[in-house]
Amino acid sequence: MTQLNSKIPQGPLAEKWSHYKAHQNLVNPPNKPKLDIIVVGTGLAGASAAASLGALGFKVKIFCIQDSPRRAHSIAAQGGINAAKNYPNDGDSVYRLFYDTIKGGDYRAREANVHRLAEVSNSIIDQCVAQGVPFARDYSGLLDNRSFGGAQVSRTFYARGQTGQQLLLGAYGALSHQIKLGNVKLYTRQEMMDVVLVEGKARGIITRNLVSGELEKHFGHAVVVATGGYGNVYFLSTNAMNSNTSAIWQIYKRGAFFANPCYVQIHPTCIPVHGDYQSKLTLMSESLRNDGRIWVPKNKEDAEKIRKKQMNAIELKEEDRDYFLERRYPAFGNLVPRDVASRAAKERCDAGFGVGTTGLAVYLDFKDSIKRLGKDVIEERYGNLFQMYEKIVDENPYNNPMMIYPAVHYTMGGTWVDYELQSTIPGLFVAGEANFSDHGANRLGASALMQGLSDGYFVLPYTIQNYLSKDIKVPRMSTDAPEFVETEKAVKDRLDKLMGIKGNKSVDYFHKKLGHIMWENVGMGRTAERLQKAIDLIKELKKEFWSDLRIPGDNNGVNTELEKATRVADFIELGELMAIDALQREESCGGHFREEHQTPEGEAKRNDDDFKFVGAWEYKGENETPVLHKEPLVYESIEVKQRDYK
Amino acid sequence: MDLTLKIWRQENPKAKGKFETYKVTGISTECSFLEMLDILNETLIDKVQLPINFDHDCREGICGMCSLYINGRPHGPDDEVTTCQLHMRKFKDGDTIVIEPWRSKAFPVIKDLMINRNAFDEIIQAGGYVSVTTGGIPDANSIPINRADAELAMDAAACIGCGACVAACKNASAMLFVAAKVSQFALLPQGKMEAQARVEAMVAKMDELGFGNCTNTYACEAECPKQISADNIARMNREFFCAKVS
Ligand SMILES: Cc1cc2nc3c(=O)[nH]c(=O)nc-3n(C[C@H](O)[C@H](O)[C@H](O)COP(=O)(O)OP(=O)(O)OC[C@H]3O[C@@H](n4cnc5c(N)ncnc54)[C@H](O)[C@@H]3O)c2cc1C
Ligand code: FES
């Protein structure tokens, strides 16, 4: 049995990273250009990694599925990025950011990783400002901050409601600079289909050129996978339509363990579902909870009238409104972490207090803030979000409260990686949302951007050298080597098999069906019974998929149905693993809520005695049961407590 | 709603494309434009026909991937939105809608409504960045920036690189795209160091890639889903002039 070695450095928590850097092996400058690194993904994690590694002198190849690196899903992040700068002088520190992140993750993340994240957070802001990222500033010309959920300080840096866009464009600029210098070579509209292993080490990838349909073989001394999260397993999510799990699923099948697949973040503030033709859900940034108050009617009769459109929200008197987050969590109020806010909204709607025509919505109201600060201030802070809302819903949120409901947003689970961000396959590193590393069972707002850029700018450029220092004598390999040829053939066979099904149902039919199974049974509230049901239903769906899928056209050029089919095939298998993992985890923690395990007040009840571990799954073959490996979580600097936001 | 769609179909970059007519029925006004095309595609797949290829990803107006020319306007009849944010409530039952790809020499069609916009990446690679590398950077607050300039820089930086400006321009000029990036950095102290080289390199690349000249019609500004102002073009011209005379 493979032993999980997290490679956490020795020494006191706050000194681990410095100690690691001081003692790791490096590659000297003349050797760097002799080493090739493949980076898959051009989001914050991939672009920042490739730009930094290129600048160090390595030869980098970077891949993405969109037509430009700038279109990676990171572009859509709205609210902001955390850092422990303590510019507002409100008591922040590296320790507090570390502490909040561990607590927010419900004590299911690795201490050493999270502390490193908090340590480098400040350098990220410096780096981005130097690149010309136009963060919001106050009238003195200094950087401004806002608050996000799960924190009592203001540590979130932002660029209007387009923080992800601006950070990604900063990283894309750095990447473009390295492309111009010839250190990085860019491949767009190319999808990684598999990883090539030579003597057990990752030495390359097979890609499909999405324009010509041809398969290509690429060599690298090391491979970095930064392909984002797998929220689209639910079909409807806030993720971009092309976000997928395929790269991390294929490496799982080649031996990289998959950690905590059941940890999914359901974001409380999204625009509610409106029809079965709907293709995606739109997030309304968490930053809105700084100034918006969440409520539902206090009386069921009022809720009923509102649902039937016999009454308008603004007509409801103050005393008839239930600001349920402020009521249940007075200390954090509307700024409780996402998992807590989502469950509270679901609880109210399930109890019959929901609004909107479907009853699956709650209000997010700016009335009081507009009164207090003026419409101009609210417009300046959230103008683009309000506009986005109005375009979709056709209602003006300055006059009527917004309607929101929880939606799938982020996946904390992902490829298991050690402290160096290396998976259980040597030479295969995984960064950004694709790995499982820093957020435990629940991610705090504005921490994903921080983690992606931390991994890419400040962690991988060090840790990958520790690995590559042993490889300086390894010459570039020919991609005619048997390992490349065999892996390419396996990919080709899989594509041919999909094209050969010639059934009657479209890819979307299967994706929607999977999404439905997942949302109903592996969603916000889970039970052993429903999880078992999900496993059975997914098994059936998989059979149906492989016997009744229809992909029109052929494999000799653009075929978007084939692209979707390869991704949905992987989502189906992942969905099953998520249910298996959720079934195994007999506790509630963070985003994973097992209805059997809750406190009398309905809060998540952890079981630290039996489940204080990372669950890392090993693939054992088609139709074989995967094997669970446990990485125990040891807390030396933090007292593990029941999370309390009251 | 029931609609008639006239859609550009083109098998590959070399093929001669043509319009095909399709009918869709029972479309909800709440539906987005791309969801309407999804519905059409599902019916085509049902009939074992090839679905219509179009680019899209975020479906919330930020990635810049979607790109349709709808009834003679980039991103369609609504203002300040991308195609993916366009809703069917902007159309009437019985309408005929004409859907084409962006048309510009620098953006060749790949298939149907999908186009190749690598030219924009190449322009950025020519100099659309501050040449800092990772690490060794002083504290972020050591460079205070006048708030008004920071806001203007953010206005310019909001460009999503969709190419609607090029599609809207009768000369297929990329001036607004280039000017937005040049302006963002011209307004910030971080960008000053390389200002001259940047504007020269980006403009030279734009010319080399076959984009047309700017004749100040401002169609780009009018059609920009992110309201990037043509003032940026004036700012870029000043930068360019300064670079040339110095
Ligand atoms: C609407 C929204 C708002 C958000 N807001 C915030 C926020 O305010 N603050 C915050 O901290 N976080 C936020 N997040 C989360 C955050 O944006 C993401 O977690 C983060 O950007 C992920 O970055 P990444 O680099 O890991 O991956 P991504 O940005 O998803 O990039 C993935 C890359 O991989 C490529 N790729 C994928 N599959 C393949 C393949 N098989 N082959 C080749 N390439 C492939 C893609 O082309 C892309 O380049 C938000 C998320 C959403 C959905
Ligand atoms: S799909 Fe992203 S902007 Fe339209």
Side-chain angles (χ1 to χ4, degrees), chain A residues 51-52 55 66-71 73 75-76 85 87 123 125-127 129-132 134 137-143 159-160 162 165-166 169 172-174 176-177 179-180 188 211 240-242 274-275 277-280 282 388 391-392 394 457 461 506 508 550 552-553 557-558 560-561, chain B residues 12 28 30-31 34-35 38-39 42 45 48-51 53 55-65 80-81 85 87 89 110-111 114 116-118 120-121 124-126 128-134 137-141 143-147 150 153-154 157-158 161 184-185 188 190-191:
Chain A
S52 306
Q66 290 85 2
D67 72 337
S68 162
R70 65 181 292 156
R71 306 206 201 281
H73 166 60
I75 201 91
K85 286 280 194 189
Y87 285 156
S123 305
I125 303 302
D126 301 339
Q127 186 69 37
V129 166
Q131 289 167 346
R137 288 173 184 271
D138 60 24
Y139 286 98
S140 71
L142 299 178
L143 293 161
R160 295 198 189 141
Q162 291 121 282
Q165 178 196 31
Q166 294 310 316
L169 293 181
Y172 163 70
S176 299
H177 179 206
I179 293 170
K180 171 148 178 233
T188 59
V211 175
M241 300 291 285
N242 293 317
H274 54 78
Y277 47 79
Q278 191 153 351
S279 56
K280 77 155 282 175
T282 304
M388 201 190 240
K391 291 283 178 197
I392 295 175
D394 206 22
Y457 284 135
S506 71
D508 279 5
R550 168 183 291 168
V558 177
T560 45
E561 289 299 305
Chain B
N12 57 54
S28 153
E30 302 293 302
C31 193
L34 295 185
E35 284 165 354
D38 291 342
I39 293 171
E42 283 296 297
I45 295 166
V48 208
Q49 292 175 13
L50 289 179
N53 284 132
D55 271 320
H56 67 99
D57 199 11
C58 73
R59 296 211 177 183
E60 55 185 65
I62 192 73
C63 73
M65 191 94 182
E80 298 166 29
V81 293
Q85 293 175 296
H87 275 73
R89 62 178 86 94
I110 294 174
K111 188 176 183 188
M114 266 170 132
N116 177 340
R117 280 170 291 197
N118 292 353
F120 270 9
D121 283 337
I124 297 294
Q125 284 157 20
Y129 42 77
V130 178
S131 309
V132 287
T133 53
T134 309
I137 311 270
D139 184 80
N141 260 349
I143 344 173
I145 300 174
N146 171 312
R147 188 169 186 276
M154 179 63 215
Q184 176 193 344
F185 293 130
L188 298 172
Q190 302 93 305

Which one of [options] has the most heavy-atom pairs closer than 4.5 Å to chain B?
options                                : answer
A:Gln66, A:Glu561, A:Gln127            : A:Gln127
A:Gln278, A:Arg160, A:Lys280, A:Met388 : A:Arg160
A:Gly275, A:Gly557, A:Ala240, A:Ala174 : A:Ala240
A:Gln162, A:Gln165, A:His274           : A:Gln165
A:Asp394, A:Asp126, A:Val129           : A:Asp126
A:Lys180, A:Gln166, A:His177           : A:His177

Judged by atom type as modelled, is there a donor-acceptor pair below 3.5 Å linking the side chain of [X] to the main-chain atoms of [Y]?
X        : Y        : answer
A:Gln131 : B:Val132 : no
B:Glu35  : A:Ser279 : yes
B:Lys111 : A:Val558 : yes
A:Asn242 : B:His56  : yes

Measuring from [X]:[atom1] to [Y]:[atom2], what's the distance to the nearest 0.5 Å?
X        : Y        : atom1 : atom2 : result
A:Arg70  : B:Phe120 : CZ    : CZ    : 8.5 Å
B:Glu60  : A:Ile392 : CD    : CD1   : 7.5 Å
A:Leu169 : B:Ile124 : CG    : CD1   : 8.0 Å

Do B:Asp57 and A:Arg71 meet the salt-bridge criterion of a basic N to acidic O distance under 4.0 Å?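 Salt bridge absent between A:Arg71 and B:Asp57.
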Heavy-atom pairs under 4.5 Å with chain A - which of [options] has more of them than the others?
options                               : answer
B:Gly128, B:Ser28, B:Gly191           : B:Ser28
B:Val130, B:Asp121, B:Thr133, B:Asp38 : B:Asp121
B:Arg117, B:Gln85, B:Glu30            : B:Arg117

With a 4.5 angstrom heavy-atom cut-off, is it the side chain or the backbone of A:Leu142 that approaches chain B, or both, or neither?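 The answer is both parts of A:Leu142.
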Any non-hydrogen side-chain atom of A:Ser140 less than 4.5 Å from a side-chain atom of B:Pro144?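 They are not in side-chain contact.
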Where on B:Ile45 is there a heavy atom nearer than 4.5 Å to chain A: the side chain, the backbone, both, or neither?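 For B:Ile45, backbone and side chain are both near chain A.
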